[in-house]
Visitor: 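Below is the structure I would like to discuss, written out as structure tokens.
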Amino acid sequence: MCGIAGIIYKDSSIVNKDTLRKMTDKMSHRGPDAEGFYLHQNLGLGHRRLSIIDVSESANQPFFLEEKYVLVFNGAIYNFIELRKELLQNGYSFKTTSDTEVLIAAYDFWGEHCVNKFNGMWAFAIHDKIKNIVFCSRDRFGIKPFYYYTDHEKFVFASEIKPILEIEKVEKVNLQVLLQYLIVNISDQTNETFFQNIVKLPGSHNLIYDLNNNNFSIYRYYDIELRKDINKLNLEDSISAFEKEFENSVKLRLRSDVKIGSALSGGTDSSYIVSIASQFLTKSDELKKFTAITVGSIDKSIDESQLAALTTRTLGVNHDIIKPKQDEFKDTFEEVIFKHEEPFGGIAVYMQKFLMKETNKLGIKVLLDGQGADEILLGYNRYTAAYLKNNGFLDNIKFLSNIKSHYNISVLQGIKIYYYFSNFTIRKFWLKKRAQILKNKYFDSIDFSGTKKLTNSYKRIFDLQKKEIFSCQLPELLKWEDKNSMSYSVESRLPYLDYNFVETCLSINNHYKIQKGWSKYLLRRSLEKFLPDEITYNKMKIGFNAPVSDWWPRSEKIIETINESKIIREISKKKYIFIDDRDLEWRLYNIAVWEKLYNMKLETETQNAD
């Protein structure tokens, strides 16, 4: 895992190495093991390396293939061994054992279509000297970030926003993104960021920059298709397909030349990862080097550390438990907001931050984590709405009678969820009620079109799952995962987001995903083979929830910070005295702190200053 950066000057100015270094220095945490630069007239590429596969200097970047291509790459191509064999059969030779060299050779052999051959996560840029282009790509689900900024003078890209700010001082807030975050509580519906004109290359997309005319084009190279052969399988065969693809996914993600561990809560998702990983590691005598890491809570009602301990005892896996105190949260409060670069959803992000910090402390460079499981296996209770919308009366009666087991909610809560998430008129009504804190001109400027598309997707579960994977839900989680892990030089690998596994899960008959009173039924049936029912059939869904009342108790200082924000004063109707909704209070507070850390302003403020 690494950090990449690039500059293209459109007026043919020569790129200065010191300018590139300013960018890469801002990402030293992403790659503490090595740095490198490539300068070619008006093009410059920079790289910071975190060594995972082939840790020798010969695999450092930028990586050259003869005099034809230069590559900077962030990520991991898990099936590089298989691709290497295929390329060897086609006359290629290799001087390293790295996935980096396989990637650049694959581009030479397959061209732009090479990305369809990759199983992994990536954001990369290749200077193709023959075509005089820069070929950029981001992995199918956007696990690895690719930010860019362009104007009439330059095109700048990087793995994070801060390096771009070294080149272009962007201090104007993207108002629509901020309003979506504050009112709709979604900030990744589009490729835009909180910083005006800094955008993201979407997952599943390639970008080709033509150095001849300084134009670039973006196109989609991948989409999830419903596999009819999988959809027609019976329950037992569906479980077999599920297990086979997940085992393949975990096995690929265990490829590493450095120490590996796994995140572990008391829930099913991470427990299944550790269960499968421990089976493979036992065979290769690597289990003693493998550690599961749990972030416990000082709030006993949401502490899953004992359940996690039951998992590790049963599997014979090393276990490390930490329980961060309030002071540890306070000491790193602003640091995390600064590192995340954009406002985020809640203080649960800090639980993940402490997980990554402990991972680094233990000398673990690769961590398996469970992002994506809920999106592909209908794990959130809001999927109740989609299920009820897609089934007949008798099926729905049966579903509601078991909903306590499915999602640990009451029948009444299930019905409320149905009407809120599947009916745009009702959803918009409640969102507008929340938006009454805003002045009229900001209230009227909220774009609900993304919310409407998301609501309409509830008519078909497959469409809803795709929507949440490619926009809205998963992109936010992946952004937080990347920022937290890379801030501690940890490569986070996500077995549930292997594209073969995702396609299999989305294609499996939905009645098998919620079955006999249980959500994630396929996973639970598979987990039965490894762990006791206390884990396998646990109804609670906690994960790494933070002890909000202990870490972030109500205070006058919170309200004072919110009221001191120029952005919030501009968009809000009045000063705040008390905010009943703690989630909304967090978002307001997060905006206020972010504004101060990045010196952010609304367009109106900038105009007034001028």
Side-chain angles (χ1 to χ4, degrees), residues 2-31 35-49 61-62 70-75 122-128 132-138 142 144-174 177 190-203 205-218 338-342 479 482-483 486 598-600:
C2 310
I4 64 173
I7 305 173
I8 302 170
Y9 287 127
K10 298 179 181 180
D11 61 359
S12 299
S13 296
I14 304 299
V15 176
N16 185 288
K17 186 175 181 179
D18 290 338
T19 305
L20 262 181
R21 182 173 273 118
K22 281 183 182 177
M23 295 182 73
T24 57
D25 281 351
K26 287 291 178 182
M27 299 185 293
S28 58
H29 49 277
R30 298 185 74 92
E35 69 173 2
F37 304 95
Y38 167 71
L39 302 169
H40 180 77
Q41 300 170 0
N42 65 323
L43 167 66
L45 301 176
H47 190 266
R48 294 292 308 223
R49 186 183 183 202
Q61 299 180 43
V70 186
L71 165 69
V72 287
F73 161 49
N74 168 30
W122 66 83
F124 65 76
I126 296 174
H127 179 205
D128 184 331
N132 202 28
I133 63 170
V134 180
F135 174 63
C136 307
S137 182
R138 193 174 179 202
K144 291 291 99 187
F146 188 105
Y147 296 96
Y148 68 93
Y149 169 91
T150 187
D151 58 24
H152 66 283
E153 296 176 345
K154 58 191 170 297
F155 179 90
V156 188
F157 68 86
S159 298
E160 295 183 3
I161 292 172
K162 287 188 289 294
I164 296 175
L165 298 179
E166 287 294 307
I167 307 302
E168 183 65 27
K169 191 179 178 183
V170 179
E171 294 182 339
K172 292 180 183 177
V173 175
N174 184 323
V177 172
T190 68
N191 67 328
E192 297 179 13
T193 71
F194 283 81
F195 294 81
Q196 200 171 102
N197 298 324
I198 296 180
V199 295
K200 296 165 288 193
L201 178 63
H205 283 71
N206 292 335
L207 182 153
I208 300 176
Y209 192 102
D210 190 334
L211 293 165
N212 298 302
N213 56 27
N214 288 310
N215 291 325
F216 65 90
S217 60
I218 296 173
F338 184 72
K339 282 180 176 178
H340 274 262
E341 303 181 319
E342 300 176 274
K479 178 172 65 176
D482 176 79
K483 294 288 199 301
M486 292 311 299
Y598 283 93
N599 196 30
M600 300 304 294

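Numbering starts at 1 and runs along the sequence shown. In this text, all values refer to a predicted model and were calculated from it rather than measured experimentally.
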Visitor: Just so I know, are the side chains of I4 and S159 near enough to count as touching, which here means a heavy-atom distance under 4.5 Å?
Guide: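 They are in contact (side-chain heavy atoms under 4.5 Å apart), so the answer is yes.
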Visitor: Find out whether R30 and C2 are in side-chain contact, i.e. whether some heavy atom of one side chain is under 4.5 Å from a heavy atom of the other.
Guide: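 The answer is no, as the side chains (C-beta and beyond) never meet within the 4.5 Å cut-off.
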Visitor: So which atom in R138 and which in L201 form the shortest heavy-atom distance, rounded to 0.1 Å?
Guide: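 Closest approach of R138 to L201, heavy atoms only: NH1-O, 2.7 Å.
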Visitor: Please tell me whether F195 and Y149 form a close aromatic pair, meaning their ring centres lie under 6.0 Å apart.
Guide: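 Ring centroids of F195 and Y149 are no less than 6.0 Å from each other.
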Visitor: Distance from Q196 atom CD to I198 atom CD1, nearest 0.5 Å?
Guide: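 One gets 10.0 Å once the value is rounded to the nearest 0.5 Å.
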Visitor: Hey, does F124 have a side-chain heavy atom less than 4.5 Å from the side chain of V72?
Guide: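 Counting from C-beta outward, V72 and F124 never come under 4.5 Å.
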Visitor: For the residue pair N197 and V170, establish whether any side-chain heavy-atom pair is separated by less than 4.5 Å.
Guide: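 No; the side chains remain at least 4.5 Å from each other.
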Visitor: Write down the atom of K144, the atom of A123, and the distance for their closest heavy-atom approach.
Guide: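 Here K144 and A123 meet closest at CB-N, 3.9 Å.
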Visitor: Is there a donor-acceptor contact under 3.5 Å linking the side chains of N599 and E171?
Guide: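 Distance-only check passes for N599 and E171.
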Visitor: Check step by step if side chain to side chain contact (heavy atoms under 4.5 Å, CB included) holds for D25 and R48.
Guide: CA-CA 8 Å; D25 281 351; R48 294 292 308 223; 3.8 Å; yes
Visitor: A side-chain contact here means heavy atoms from C-beta on lying under 4.5 Å apart; do I208 and F216 qualify?
Guide: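 SC-SC contact between I208 and F216 ruled out.
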Visitor: Hey, are N206 and S137 close enough side-chain-wise for a donor-acceptor pair under 3.5 Å?
Guide: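 Indeed, the side chains of S137 and N206 share at least one donor-acceptor pair under 3.5 Å.
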Visitor: May I ask you to establish whether K162 and F338 are in a cation-pi arrangement, using a distance under 6.0 Å from NZ or CZ to the six-membered ring centre and at most 45° from the ring axis?
Guide: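 Yes.
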Visitor: Could you pull out the closest heavy-atom pair between A5 and M23, with the gap in Å?
Guide: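 So the two residues come closest at CB-CE, 3.8 Å.
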Visitor: Could you give me the CA-CA distance, side-chain angles and deciding distance for I126 and V70, then say whether side chain to side chain contact (heavy atoms under 4.5 Å, CB included) is met?
Guide: CA-CA 5 Å; I126 296 174; V70 186; over 6 Å; no
Visitor: When rounded to the nearest 0.5 angstrom, what distance separates OG1 in T190 from CG in N174?
Guide: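 Here the interatomic distance stands at 7.0 Å.
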Visitor: Between the side chains of E192 and K200, is the shortest nitrogen-to-carboxylate-oxygen separation below 4.0 Å, so that they form an ion pair?
Guide: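 Not counted as a salt bridge, because no side-chain N and carboxylate O are separated by less than 4.0 Å.
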Visitor: To the nearest 0.5 Å, how far apart are CD1 in I7 and CG in L45?
Guide: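 I7 atom CD1 to L45 atom CG measures 9.5 Å (nearest 0.5 Å).
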Visitor: Would N214 and I8 count as a side chain to side chain contact (heavy atoms under 4.5 Å, CB included) here? Give the steps.
Guide: CA-CA 9 Å; N214 288 310; I8 302 170; 4.1 Å; yes
Visitor: If the threshold is 4.0 Å, N to carboxylate O, is there a salt bridge linking K154 and D151?
Guide: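 Answer for the salt bridge query: yes.
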Visitor: So do the side chains of T193 and E342 get within less than 4.5 Å of each other, counting heavy atoms only?
Guide: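 Heavy-atom side-chain distance check passes, below 4.5 Å.
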Visitor: L20 versus L39: any side-chain heavy-atom pair under 4.5 Å?
Guide: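 Result yes, sub-4.5 Å side-chain heavy-atom pair found.
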Visitor: Under a 3.5 Å threshold, yes or no: a donor from one side chain and an acceptor from the other, between E160 and H340?
Guide: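 Checked: E160/H340 side chains show no N/O donor-acceptor pair below 3.5 Å.
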Visitor: Evaluate the ring planes of F155 and F157, with Trp represented by its six-membered ring, and classify them as parallel (under 30°), tilted (30 to 60°) or perpendicular (over 60°).
Guide: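 Tilted.
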Visitor: Can you see which heavy atom on N74 is nearest to which on P145, and at what distance?
Guide: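 The pair with the smallest heavy-atom distance is ND2-CD, 4.0 Å.
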Visitor: Once rounded to the nearest 0.5 Å, what's the spacing between atom CZ of F135 and atom CG of L207?
Guide: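 Rounded to the nearest 0.5 Å, the CZ-CG separation comes to 9.5 Å.
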Visitor: If you compare all heavy atoms of V15 against all heavy atoms of G44, which two are closest, and at what distance to 0.1 Å?
Guide: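 Answer, listing the atom of V15 first, then G44: CG2-N, 3.7 Å.
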Visitor: Check the side chains of Y209 and N215 for a donor-acceptor pair under 3.5 angstrom, ignoring hydrogens and angles.
Guide: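 Not at all, the side chains of N215 and Y209 share no donor-acceptor pair under 3.5 Å.
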Visitor: Using a 4.5 Å cut-off on heavy atoms from C-beta on, say whether the side chain of L43 contacts that of Y9.
Guide: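 Y9 vs L43: side chains apart.
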Visitor: Salt-bridged, E35 to R21, with N to O below 4.0 Å?
Guide: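 A salt bridge links E35 with R21.
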Visitor: Is the closest basic N to carboxylate O distance between K10 and E153 below 4.0 Å?
Guide: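 Between E153 and K10 there is no salt bridge, as every charged N stays at least 4.0 Å from the carboxylate O atoms.
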Visitor: Give me the atom names and distance for the closest heavy-atom approach of Q61 to F73.
Guide: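 Closest approach of Q61 to F73, heavy atoms only: OE1-N, 2.6 Å.
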Visitor: Would you check, one step at a time, whether the test side chain to side chain contact (heavy atoms under 4.5 Å, CB included) holds for I161 with Y598?
Guide: CA-CA 11 Å; I161 292 172; Y598 283 93; 5.9 Å; no
Visitor: Got more than 12 heavy atoms from elsewhere within 6.0 Å of NZ, K26?
Guide: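 For K26, atom NZ is not crowded (no more than 12 foreign heavy atoms under 6.0 Å).
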